[in-house]
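Values below: all heavy atoms of this structure, side chains included; hydrogens, waters and symmetry mates excluded. In this chain, residues are counted from 1 in sequence order.
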Amino acid sequence: LSSEMDVQTFRRPDGQLAILTGSSQFLLDQEPVTVNFTPAGTVSPDLALGAITITNAFGGTVDITASITQGKLGGLLDLRDTILPEAQDQIDSLAFELAQQFDTITVGGNTAPLQLFTAPANTPPANPTAAEAVPVGDQGYSAVMQVRTNLTGTELRDSDGTGTFVVNGDGDASLPLAILDMFEAKQAYVAVNGLNTTAATLEEFAAQFIGYQANQKADFQSQFGFQDEVRNLLDERLKDQGSVNIDEELANLIQLEAAFAASARVLTSVQRSIDELLRAVA
């Protein structure tokens, strides 16, 4: 049980073991309690997922989710409620800004609508009202982000023809150059934890996201390695206390053998002394 979650224990005067959660809610006393969890049928970004509760002997229900901070359940809850939602927010912010920047490109003061990245119509939570429109919000957009299906090759060169930008012949590179300039310009992003969202290029923001997640992974691997070493050390100490230590027993045997040899020499010396005394008397 302690490998699944953090628990406390104590023994009553009659020797019975009582088990409590980290917040001192009884899991086992006279009778075990019932642990409850109702999984969600579907999961979407920023959806509040179900709590872990216990039903005590009096029929009351207590939420113990916040008290589970260790063990496998603690790790899974941290992943579900903190780590993955944070990563989702970060990649949603990047995807949303990318769609916004490729919606309309400014070329020498003229507008060139591209609407390159879209979202399906009425797809929550991005929820554009028209088919394949640019999303109205960032939440969950990275999961439904798509390239506009009716996009043509000429639109990438000339835009969709509804703006004020007019291509000047087949060799006009002003639109792709404007797109390159857009990639080098500092942008503001939807605010998220862990990243600089006030001024960064798309490349810089993407690098921040990848670096942040890589650092998170490295930190957790380091913590896991340290905890694994502590566990192995405690396991070794437990085995030393609860089982035969071959090295210690061998050292004791050598000491006993040396003591026996010394005692034998003492007895031999005493025997010789007695024999000498008897001969002197005779």
Side-chain angles (χ1 to χ4, degrees), residues 1-11 17-28 32-40 42-54 62-95 138-140 142-143 189-197 200 203-248:
L1 181 60
S2 63
S3 69
E4 299 293 332
M5 58 183 290
D6 39 333
V7 294
Q8 306 176 59
T9 63
F10 70 90
R11 288 193 180 276
L17 182 68
I19 305 177
L20 303 86
T21 67
S23 59
S24 300
Q25 298 290 337
F26 278 103
L27 290 174
L28 174 64
V33 302
T34 302
V35 180
N36 312 291
F37 175 74
T38 302
T42 57
V43 177
S44 59
D46 297 321
L47 174 68
L49 299 177
I52 299 176
T53 63
I54 57 175
V62 180
D63 186 348
I64 63 170
T65 308
S67 68
I68 303 176
T69 59
Q70 300 177 21
K72 293 179 182 178
L73 285 178
L76 290 172
L77 286 172
D78 193 30
L79 192 67
R80 184 196 75 171
D81 297 338
T82 304
I83 299 173
L84 291 181
E86 184 179 63
Q88 175 81 56
D89 288 343
Q90 291 176 350
I91 197 171
D92 283 346
S93 181
L94 174 61
D138 70 300
Q139 290 184 351
S142 59
Y189 303 80
V190 177
V192 292
N193 291 330
L195 304 182
N196 174 22
T197 58
E203 182 181 1
E204 289 170 346
F205 191 82
Q208 283 185 63
F209 167 70
I210 295 172
Y212 182 86
Q213 296 302 323
N215 288 336
Q216 288 277 85
K217 177 183 177 182
D219 287 343
F220 288 129
Q221 285 180 331
S222 176
Q223 293 177 29
F224 175 78
F226 173 75
Q227 295 295 336
D228 192 50
E229 289 182 5
V230 172
R231 183 190 66 83
N232 291 337
L233 179 60
L234 293 175
D235 184 58
E236 183 178 346
R237 289 184 178 180
L238 177 63
K239 290 178 179 179
D240 289 343
Q241 293 293 330
S243 59
V244 176
N245 188 316
I246 300 299
D247 294 336
E248 183 179 348

Does a side-chain heavy-atom distance below 4.5 Å link L27 with L1?
yes
List the steps and the verdict of side chain to side chain contact (heavy atoms under 4.5 Å, CB included) for T53 and I64.
CA-CA 5 Å; T53 63; I64 63 170; 6.0 Å; no
List the atom pairs, donor and acceptor, that lie under 3.5 Å between side-chain atoms in residues 72-80 and the rest of the protein, sequence neighbours left out.
from : atom 1 : to  : atom 2 : distance (Å)
R80  : NH1    : G50 : O      : 3.0
R80  : NH2    : G50 : O      : 3.2

Considering all heavy atoms of both residues, which atom of S24 and which atom of Q8 are nearest to each other, and what is their separation?
OG-NE2, 3.5 Å
Please report the shortest heavy-atom distance between D92 and G140, naming the atom on each side.
OD2-N, 2.7 Å
Show me, pair by pair, the donor-acceptor contacts under 3.5 angstrom made by side chains of residues 217-229, not counting sequence neighbours?
from : atom 1 : to   : atom 2 : distance (Å)
D228 : OD1    : R231 : NH2    : 3.4

Quick check: do D89 and N193 have side-chain heavy atoms less than 4.5 Å from each other?
no
Crowding at CD1, I91 (>12 non-hydrogen neighbours, <6.0 Å)
no
Sub-3.5 Å donor-acceptor pair from the side chain of Q208 to the main-chain atoms of N196, do we have one?
yes
Pair T197-V192, side chain to side chain contact (heavy atoms under 4.5 Å, CB included): steps then yes or no
CA-CA 7 Å; T197 58; V192 292; 3.7 Å; yes
Step-by-step side chain to side chain contact (heavy atoms under 4.5 Å, CB included) determination, D138 to Y189
CA-CA 10 Å; D138 70 300; Y189 303 80; over 6 Å; no
What closest approach, in Å, do A18 and F26 show between heavy atoms, and which atom pair accounts for it?
CB-CE2, 4.0 Å
Please check this pair: side chain of D6 against backbone of G22, looking for a donor-acceptor N/O pair closer than 3.5 Å.
no
Here the pair of heavy atoms bringing Q90 nearest to F205 is O-CE2, 3.7 Å
Any donor and acceptor pair, going by atom type alone, linking the side chain of Q25 with main-chain N or O of L20 inside 3.5 Å?
no
Shortest non-hydrogen contact from I52 toward F37
CG1-CD1, 4.0 Å
In Å and rounded to the nearest 0.5 Å, what is the CD1 to OG1 distance from I54 to T21?
6.0 Å
To the nearest 0.5 Å, atom CG of L84 lies from atom CD of E86 at 10.0 Å
